[in-house]
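Residue numbering restarts at 1 for every chain, and letters A, B, ... go by the order of the sequence lines.
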Amino acid sequence: MSDPLDQLISILSKQQKTLVIEKSLSTYINSLIPFSNLKSKTNILDVYWFEKNSIKTILESTSQNITFLIKSNLSNLELLQEFIHDLINFNPSYKIDLILTQDYFKSFKIKLSQHGLIGDLNSINSWLIYIQQDSTIQLYLDELNSLYLYKNSNIPFKLAQWVHNYLLKNPEIRITHILAKGLNSSKFVSIWKNLNNNYISSLSPLDKKQYLKIDQGLYGSNTNNSGKQCDLIVLERNLDFLSVLLNQLTYSGIIDELYDIDINSIKLDDEFFNLNEEEDSLYDSIKFKNFGEACDELNTQAKELQSNYNDLQSQSTISQVKQFVDNLPHLESLKKQVSNHTKLSESILTQLETNDEFSKFNILLEFQQDIILQNLTYSSIISKILELIYEDNYSFEELIRLISITSIIYNGIREKDYIQLNNEILEFFGFQNFQILQNLIKIGLITIRGDPSIIKNFNNLNLKLNLVPNDDDPLGFAYRGYIPLITRILEQTISTTKRSSWDHLDLKSLILGKTIDEELTQDNIGLGGLLQKNSIVIIVMIGGLTYSELATIKKLEKLIKEKTGVEKKFIVVTDSFINAKKLINSNK
Amino acid sequence: MSNPNVYYRNRELYTLSWNISNLQNYIISISKFTKTIALHKYKTEINDIKDSTIATDIEIYTGSGNLLHSINWNNHVNGRIIDLGWTIDEKLVVLLQNGHVRVYYDFEGGFNEYSVGYDAQLIGVKSFKVVRNVIFIILNDFKLIYIDLTNNISIHSKVLKDIRQEITGDSLKFRDWDIIIDDESFEILISINKEIYSIPKFGNMVKKSIDGPFHKISISSNNQFVSLYHGKLNKIFVVTSNFNKSLFDFQLDSNQPPVSQINWCGSDAIALGYYDTLKLIAPGGSIDFYLNPDYQISNELDGLTILNESSLEFLSKVANETVECFKIGSTSKSSILLDSVDKLNKHSPKANENLTIIGSDENLNHAVKTCISASLEEFDSYWQKKLLKAVSFGKSSLELKSEFSNTRHFLKTCDDLRILNNIRSPEVGLFLTSFEYNHLGIETVIKLLVKRQQFYEAFQISKFLKLPIDLIFINWACVKIKYNPNLNDEELSQQITTKFQTFNNNSYISFESIATTAFQEGRSNLAKILINFESLFTKQIPLLLTMEEHELALQKACDSQDTDLLLETLLILKQTLSLPVFFKLLNHFKIASNCFEFFFTNDEVLIFDFLNQADRTIDIANYDLKKTLTHTTQVPFEKQIEVLNKAINAYSLMRKNSNDHKQLEKQLKLLQLQDSYTNEFNIEFQGLSIVGTLEKLILLNQNNKINAFMKNFKISEKKFQYIKLNFLIKNEKFDELYEWSNNQKLSIGSEPIIQKLISSNQSSMALKLIHRSNLSYSNKMEYLIKLKDFKNVIEEAFHKKDLELLERIEMDVETPRLKELLQDYKSKLQTTTRFF
């Protein structure tokens, strides 16, 4: 598995060309490399969008080498066909190359040949895209509806493939323990095992010998055992919808809920806003903090900057001034970032009206907290939701969030109440929501009491995992009064003194869905905490992760080190980042 | 030659004892590297007239003259053969007059056929060349066509250029052409009239020279040089392949007849073929070799293959190392080292003396290396041994006392020579030079052996070099299937799998091609047994699809859990099967049908048909609803009503009296009412929700209608009040709102109204309402604070002795008078507190 950028550069090659690119890939490419650099590196003469009205202008350009860089969605085929026909009809000596994302590469190729287009192409290449930030990987897949609504295994498959390829690239890492919870998680495990077996069996004898040699060396026997650990923990979205439904309170989480982060960029006042313009930036240092803390940090940074600039006046010697000037680019960049993020956070504050106790944001936050703490009785929650519907001040999605949260905390909505809620929502928001409501039940976001729910009994689960802690909790900064389930599971799973295990958690009886807790190498008694040192934990989240969840996972990673001195490296792999809007809309 | 250090030698590789004579009567092609010879006799020997009635086979011989394969040919059935050519990976290309080319990929008659197209059969072929893996054809109408066999997407013919459209002028005289080619691209050099043109794979035709006419063009093996033969001047010109630099020219003897063949000998010299001589021209001069008349030459990377009736020969430059070792009177270190072998053989003590003459270890090391290289150049084992003995002697003395070690190199050379001598044996007849052997690599060599069914040889070499035997096993099994039509499926599969188990010690070997062979031999049952040994889904499925094992293929695609693979399979099935059969198949596989529905969700007709045949009434209803109701404003009422009616029917069948059922009926009622309102008021009601409809009725002041509507949809008075409130706020009818809130006994209470007024910035009206209403103290205070009515807050808080509240608002109060009042009250309250 090569790095997406290296792969792209090598596929694009050095030949002079015109690039026709799908618009939705541009953010991604920009996040890999500034486009101007890519242009000069791969000798791109000019660039056009993969849109119908580009065809004419391309015909006017001089280059005879055209490279298409598009997603392998079958819906792209029609337009591609139009492009190719027009080009070939205009001049048969066009050299046309096609680069497709790997997602549906095989199917797209078959479609191409069924449409008789393949002969007109000089080459077809597949390009594997994923985004790696620190040690978090997202596959940039946008098809949550395929997972729960259509029960497709594409997301687990692509994730398993990524993990498989990652392990191939790092032959010294062997998974020693798999822990998985949920239907799709167990699919993931079987796919991953399959990929692995196929890989080993298709190795040539010499390579296989080499592979087994490493195995032997690492875990040959009790006496000859490195004790190296690498846990693979696989969890999925429907285990914990709460982390998506509750308002996120981390800096990145709030930004995502308000503006939908696309990799590192958002649209602010109709303008493109890059959250992370520089390497090693301010955003990296505050994105996983609670919004309030992040604002404090921004203030401190601003003050520090001011004092730095003030110092200039007091500096008299040439060397001092020189030092200052050397430092200037850094200061200027920081200044720009501080001012950008101050602007952003101010616009967030105005939008949320956090100062106003009766602002929508505060009322919803308060209400959500009342629900999860069960401060109100079930029936008063339902009548309050009804009132909010009548008030006509809250969006469809905000109300659905409340209903779903209630459903999870109170182990389902009573049928009578559901019918009423369903009725009011359709009356106020229109009949076109008929199916979304059906689908919400289908995927388990809302449960009718009596039907099986994913979390069997929230209070029991809470008792075991302390999801709604009474006291201050170091992980409690990302949501009000709630700690994400997956972070709690990780906290309870990962040990620095012994092998990971779910024996004490009894997830089987608490949450619906298959549980896998399987050791892939022999257990070693006596190695104690040693074997945990510097070990890697691969965490796979199927169906998307929220930014706030990620923040708590990162925090947990830090806490483990601070508490025990044992460093554990978390690699978090997910298909995409998710928020409540995306989750609910995926049921359309 | 005049350059004292350059020598050429012509060595016989094999004496041919075959039944071929009079090569001029044959179309001959000699494959590069392997020197495999394909012949097709096209002239009778008696009258020398082309006769299309002759039907002779295409015969393929090893370089040593053993018949490898004979392709039975009947001109009437198969078409007349125009020319033969070999690809670089030893596939035989047969150009036919009927406008097709056949590519024979093995020596068992397996071939693919491609059409040249562009009316080639009518227009006729002017010239034909196979270079690397690309077939080039010029038609008589000057269309330049190529077929790229390496294209992994699809192989088909393409027009590179229509030359007639590029060159103005009436008559085009085609003279010769050649092709510069590498892995990525190619460029054609073509001599027409007096010019030479370059035609790149992509881009425009460029004129390179106008100094012609050049009757022959030939490109050197390394693609760097071009030799041009000017027939009128009888002169050879050599230029760089970009035509930027002329390297040298050579005037030929005007007494000699015209040259019949021109080819490069490697990239070092140009060979000119005359009747019984071969003239070699290089920058230094020329040299003549006398040959048997009636021969054919073929260019190799490092020399020139010469075929005549009775022998196959190889003409090449003598390597520098060889010259160093063997030049008469040479005083080079390697020649001295070689001499010591003779002395050793005679047990002469002078052998050691030679080492002293060679001198330093560096010198000896150089001598050893030179001898190793020279040994690889020799074809005769006598000289190989002699050189290796010298190496052995030299290196043993080196290793004793210095850091130079050539052992690995020496052993590798021994291994290589052992393999080379083996495959060069006349029985195998695969004559590769050491350079070619390294260029191809051992895996290709094994492939070539397997192709010749030299399984034993291939197996021994693999064992010798500890290489995987996958390829040998697979080919063996394929041949086994092909040549054992009488063994039944069980016996045959038994034999193959037993062999597999003894060989593989559990490692994976792809059974795909074995099963494919079985299928191609018409043994689909055997193929089905064998395909189960293939563990990769990506290889299993395509074969199962070709075998028309649709259900099994789909099953495997589902098992793989790879959605891309599943979708690919579905796309293929959808194209091959009729829709009813395809749907029936889908019904058996939930995973597949889910995948199908997900990807084809926008293909209305298809999805509808699919759901319909599966009797999924609810899903059909939902699908229709989704299509019509998400764009309600565009779909006419009648259509919407029709869809809803259908949906109601479906739901009443499957989920009678469910909430969803009731909601549908309600929606139908709404639509009917909206339709009548639209007609009555001539205002569009379409697309509105129940609440939206009610709001519109309020706007229209239709009180009777409102009452009926509320009754119809069981809308409570409280809910209606909310709706009315929202309506008044939205439409900024604040006066009406105030009046409404005054006159009515409102079950929603005044708070929702106050809140709405506050958020709509109607402070004064909100205040009025606050003071009029019966609110709890705390709520009232919050509202007042929000409205900045601090005077009342201060008064009331004082009244309630709410010191805390006074302290809270302290910062917000701005007017001095109020500040004073607040301080005053505060101190009063503080004192009172102290008292108690």
Asker: More than 12 non-hydrogen atoms from neighbouring residues, nucleotides or ligands closer than 6.0 Å to NZ on K626(B), yes or no?
Answerer: no

Asker: Rounded to the nearest 0.5 Å, how far does CZ of F599(B) lie from CG of N152(A)?
Answerer: 6.0 Å

Asker: Can you name the side chain to side chain contact (heavy atoms under 4.5 Å, CB included) partners of E166(B), sequence neighbours left out?
Answerer: K161(B), M205(B)

Asker: Please flag which part of L565(B) lies under 4.5 Å from any non-hydrogen atom of chain A: side chain, backbone, both or neither.
Answerer: both

Asker: What part of K588(A) lies closer than 4.5 angstrom to a heavy atom of chain B: side chain, backbone, both or neither?
Answerer: backbone

Asker: Step through the shown structure and confirm whether more than 12 heavy atoms of other residues, nucleotides or ligands are within 6.0 Å of CG on N779(B).
Answerer: yes

Asker: Using a heavy-atom distance cut-off of less than 4.5 Å, which residues of residues 433-442 of chain A contact chain B?
Answerer: F434(A), Q435(A), Q438(A)

Asker: Could you walk me through whether F598(B) and N154(A) pass the side chain to side chain contact (heavy atoms under 4.5 Å, CB included) check?
Answerer: CA-CA 11 Å; F598(B) 178 66; N154(A) 193 42; over 6 Å; no

Asker: Going by the rule ring-ring contact (aromatic ring centres under 6.0 Å, His included), which residues pair with F713(B) if we only count those two or more places apart in sequence or in a different chain?
Answerer: F709(B)

Asker: What part of S13(A) gets within 4.5 angstrom of chain B, counting heavy atoms only: side chain, backbone, both, or neither?
Answerer: neither

Asker: Should we count NZ of K463(B) as having more than 12 external heavy atoms under 6.0 Å?
Answerer: no

Asker: Name the region of Q15(A), side chain, backbone, both or neither, that has any atom closer than 4.5 Å to a heavy atom of chain B.
Answerer: neither

Asker: Could you tell me which of L74(A), N194(A), D120(A) has the largest number of non-hydrogen atom pairs under 4.5 Å with chain B?
Answerer: L74(A)

Asker: For each of S153(A), S75(A), G430(A), tally heavy-atom pairs with chain B at distances under 4.5 Å, and name the one with the top tally.
Answerer: S153(A)

Asker: Please flag which part of S560(B) lies under 4.5 Å from any non-hydrogen atom of chain A: side chain, backbone, both or neither.
Answerer: backbone

Asker: With a 4.5 angstrom heavy-atom cut-off, is it the side chain or the backbone of K590(B) that approaches chain A, or both, or neither?
Answerer: neither

Asker: Please classify the contact between N423(A) and chain B as side chain, backbone, both or neither, with a heavy-atom cut-off of under 4.5 Å.
Answerer: both

Asker: Chain A heavy atoms under 4.5 Å from F596(B): which part of the residue, side chain, backbone, both or neither?
Answerer: neither

Asker: If you tally heavy-atom pairs under 4.5 Å against chain B, which of S146(A), S123(A), A160(A), S72(A) wins?
Answerer: S146(A)

Asker: How many angstroms lie between atom OH of Y390(A) and atom CD1 of I723(B), to the nearest 0.5 angstrom?
Answerer: 8.5 Å

Asker: Under the 3.5 angstrom rule, does the side chain of Q114(A) hit a backbone N or O of L571(B) as a donor-acceptor pair?
Answerer: yes

Asker: Output the distance between atom OG1 (T563(B)) and atom NZ (K106(A)), rounded to the nearest 0.5 Å.
Answerer: 10.0 Å

Asker: Using the rule given for side chain to side chain contact (heavy atoms under 4.5 Å, CB included), can you reason through K666(B) versus L426(A), listing the C-alpha separation, both sets of side-chain angles and the distance that settles it, and then say yes or no?
Answerer: CA-CA 10 Å; K666(B) 209 163 119 185; L426(A) 290 181; over 6 Å; no

Asker: Quick one: ring-ring contact (aromatic ring centres under 6.0 Å, His included) partners of F105(A), sequence neighbours excluded?
Answerer: none

Asker: Would I419(A) and K662(B) count as a side chain to side chain contact (heavy atoms under 4.5 Å, CB included) if you check the C-alpha gap in whole Å, the side-chain angles of each, and the deciding distance to 0.1 Å?
Answerer: CA-CA 10 Å; I419(A) 289 174; K662(B) 285 178 193 149; over 6 Å; no

Asker: Counting distance only, does the side-chain N/O of D564(B) pair as donor-acceptor with the main-chain N or O of S107(A) below 3.5 Å?
Answerer: yes

Asker: Can you give me the closest heavy-atom contact between N594(B) and Y150(A), atom names plus distance?
Answerer: CB-O, 3.1 Å

Asker: Check each atom of T693(B) against the heavy atoms of chain A and say whether the ones under 4.5 Å are side chain, backbone, both or neither.
Answerer: neither

Asker: Within this structure, what is the CD-CG distance for the pair Q161(A) and D562(B), rounded to the nearest 0.5 Å?
Answerer: 6.5 Å

Asker: Measure D660(B) against the heavy atoms of chain A and call it side chain, backbone, both or neither at under 4.5 Å.
Answerer: both

Asker: Less than 4.0 Å between a side-chain N and a carboxylate O, is that true for K719(B) and E424(A)?
Answerer: yes

Asker: Taking E391(A)'s backbone N and O only, do any of them form a donor-acceptor pair with K756(B)'s side chain (distance below 3.5 Å, no angle check)?
Answerer: yes

Asker: Quick one: which of L566(B), L725(B), L664(B), I758(B) has the most heavy-atom pairs under 4.5 Å with chain A, could you say?
Answerer: L664(B)

Asker: Which value, rounded to the nearest 0.5 Å, describes the distance between N393(A) atom CG and N726(B) atom CG?
Answerer: 8.5 Å

Asker: Under a 4.5 Å heavy-atom cut-off, does chain B meet the side chain of I110(A), its backbone, both or neither?
Answerer: side chain

Asker: Rounded at 0.5 Å granularity, tell me how far CZ in F727(B) sits from CG in D392(A).
Answerer: 12.5 Å

Asker: Give the C-alpha distance, both sets of side-chain angles, the deciding distance and a yes or no for side chain to side chain contact (heavy atoms under 4.5 Å, CB included) between F431(A) and L670(B).
Answerer: CA-CA 10 Å; F431(A) 193 72; L670(B) 177 68; over 6 Å; no

Asker: Within the 4.5 Å heavy-atom criterion, are Q561(B) and S190(A) side-chain neighbours or not?
Answerer: yes

Asker: Against chain A, work out which of L625(B), T601(B), I729(B), N622(B) has the most heavy-atom pairs shorter than 4.5 Å and name it.
Answerer: N622(B)

